[in-house]
Amino acid sequence: MAATTDDRSKILLVDDDAGVLRAHTRVLENAGLRVEPALSGAQAIQCLRRQPYDAVLSDIDMPDMNGIQLLEQVRAVDLDVPVVFVTGAPSTETAIAAIERGALRYLLKPVEPAQLVKVTHEAVQLHAIAKAKRQALELAGGANKWVGDQAGLGARFNQALDALTMVYQPIVSWKTKQIFAYEALLRSTSPGLTGAEALLDAAERLGKLHALGRRIRLRANEAAATLRDDQLLFVNLHPADLIDDDLFSPQAALSAHAKKVVLEITERESLHSVPDVQRRVHALRDLGFRIAIDDLGAGYAGLSSFALLEPDVVKLDMSLVRNVEKEPKKLTLVQTLVTMCRDLGMQVTAEGVETPEERDVLLTTGCDLLQGYLFARPGPPFPEPKY
Ligand code: G
Ligand code: MN
């Protein structure tokens, strides 16, 4: 194994066929690349957790974890590393799945050595660009993206945690002109960590997502206590909250009002890093919580989240709502989702409704629970909607 000071590009090569793995390793090493061979998806994920790679080249057809599943898990660990598939059993289905999930290229076995090298070099270059872009973003972000050291960030984070506020936005039933629920939304106005995203980002970097989640639930619990009994409170969870014991404790603050609380789990982030998702969600239900899938239509998690979470409520992402009256394809998709969810006994809400035109078209699909600036902006407990 090369020394850690070696600055040659590192490639993670995954194939359950030891012969192919050896042959491809030799081709890439001869081209001056460093290669870490892995005989399974699980082994590849272990490697990725230990150190970053410049590209991942993977077979698709493998026992236990196939290449597509591996790709999803890779994204939970590394957002930027390019993934190239090399497969002997091509099908349109897997090709579509691969590209949809952000695979860079799709090569057919047997691969010409020159092509393997060329595509790998391209992937490495793209990775360098992706890394540079992220750094540029951090620089340009100024106030919102922290570029200083961990200790400084930690101090800012603690201040921001103490000062964090929650705002509340109503979800209304258009039919009854009643408030169905409020969604609790995180806000941070602390210097250096302005905005919910900056605060979440800092928590993630510092390994303090649990502390942030607990504080959010403490605040949400204070609000839940003052909410009318016929109104629900929607509270957003981060996937990391699902592995925090505090969430599952009957003594925890929010558990006292569990029957009034709907926990939102976003489709934007993968749940693959959470072991036993179904058991955990079951435990939350036993405490009295209801479960919502948030940002439906914006995530890469596909429909697998339905099977995992069996949600009580589904929230259509605002990207599906925006201009829905002008885009027939979008409308068809929304109609299909609303019908499917309702058939499964789930309540459907639409987020980010901004215009009467969007509202009216959504109503025709059977979606009656609506949230967005058209009714009320998020504000201190509890803004009154206008209908
Ligand atoms: O990820 P989640 O769906 O929980 O985030 C909701 C976010 O969308 C909140 O930050 C909220 O302020 C914002 N929001 C709420 N209503 C609207 C709206 O009508 N339009 C837009 N653009 N944003 C909205
Ligand atoms: Mn939400």
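Every number for a ligand or one of its atoms is a count from 1 in the order of the listing. Quick note: residue numbers are just sequence positions, from 1.
- Of all the atoms in ligand 1, the ones that sit under 4.0 Å from a non-hydrogen atom of P378 are 12 (O).
- The protein heavy atom nearest to atom 6 (C) of ligand 1 is L185 CD2, 4.0 Å.
- R359 and D368 are not joined by a salt bridge, as no carboxylate oxygen comes within less than 4.0 angstrom of a charged side-chain nitrogen.
- Contact annotation for R377 and ligand 1: no heavy atom of the residue comes within less than 4.0 Å of the ligand.
- Residue contacts to the Mn ion (ligand 2): T266 brings no N, O or S atom closer than 2.8 Å.
- Note on R219 versus E222: salt bridge recorded, some NZ/NE/NH1/NH2 to OD/OE distance being below 4.0 Å.
- Within the 3.5 Å criterion, the main-chain N or O of L13 finds no donor-acceptor partner in the side chain of H24.
- Of all protein heavy atoms, the one lying nearest to atom 8 (O) of ligand 1 is M318 CE, 3.2 Å.
- With hydrogens and angles left out, the side-chain atoms of H210 and D246 include no donor and acceptor closer than 3.5 Å.
- From the protein, the heavy atom lying nearest to atom 20 (N) of ligand 1 is E354 OE2, 2.6 Å.
- Taking atom 3 (O) of ligand 1 as the reference point, the nearest protein heavy-atom neighbour is E351 OE2, 2.8 Å.
- Here E354 pairs with R322 in a salt bridge; the nearest charged N to carboxylate O distance falls below 4.0 Å.
- One side chain, E183 or N236, offers a donor N or O that lies under 3.5 Å from an acceptor on the other.
- The distance from ligand 1 to the heavy atoms of D294 drops below 4.0 Å at these ligand atoms: 1 (O), 2 (P), 3 (O), 4 (O).
- Between E264 atom OE1 and D294 atom OD2, the angle centred on the Mn ion (ligand 2) amounts to 80° (nearest 10°).
- Classification of R105 and E122 as a salt-bridged pair holds, one side-chain N sitting under 4.0 Å from a carboxylate O.
- Distance from atom 12 (O) of ligand 1 to its nearest protein heavy atom, with residue and atom name: R187 NH2, 2.8 Å.
- The environment of D162 atom CG is dense: over 12 non-hydrogen atoms of other residues, nucleotides or ligands sit within 6.0 angstrom.
- Contacts with ligand 1 closer than 4.0 Å are made by no heavy atom of R268, backbone or side chain.
- The nearest protein atom to atom 19 (O) of ligand 1, hydrogens excluded, is given as Y373 N, 2.8 Å; this is a heavy-atom distance.
- A salt bridge is defined here as a Lys NZ or Arg NE, NH1 or NH2 lying under 4.0 Å from an Asp or Glu carboxylate O, and E29 with R34 fails to meet this definition.
- With a 4.0 Å heavy-atom cut-off, ligand 1 is reached by no atom of D317.
- Checking T339 against Q335 by side-chain atom types alone, a donor-acceptor pair falls below 3.5 Å.
- Residue contacts with ligand 1, taken as heavy atom pairs separated by less than 4.0 Å, involve Q169 solely via side-chain atoms from C-beta onward.
- Salt bridge annotation for R268-D294: absent, with no cationic side-chain nitrogen under 4.0 angstrom from a carboxylate oxygen.
- By the 4.0 Å N-to-carboxylate-O rule, D244 lies close enough to R214 to be salt-bridged with it.
- Listed by atom number, the atoms of ligand 1 under 4.0 Å from N236 heavy atoms are 4 (O).
- Atoms of ligand 1 found under 4.0 Å from any heavy atom of G372 (numbered from 1 in listed order, with element): 16 (N), 19 (O).
- For E183, the heavy-atom gap to ligand 1 drops under 4.0 angstrom.
- Counting just the N/O/S atoms of E183, the one with the shortest distance to the Mn ion (ligand 2) is named OE2.
- The side chain of D295, and not its backbone, has at least one atom closer than 4.0 Å to an atom of ligand 1 (non-hydrogen atoms only; side chain from C-beta on).
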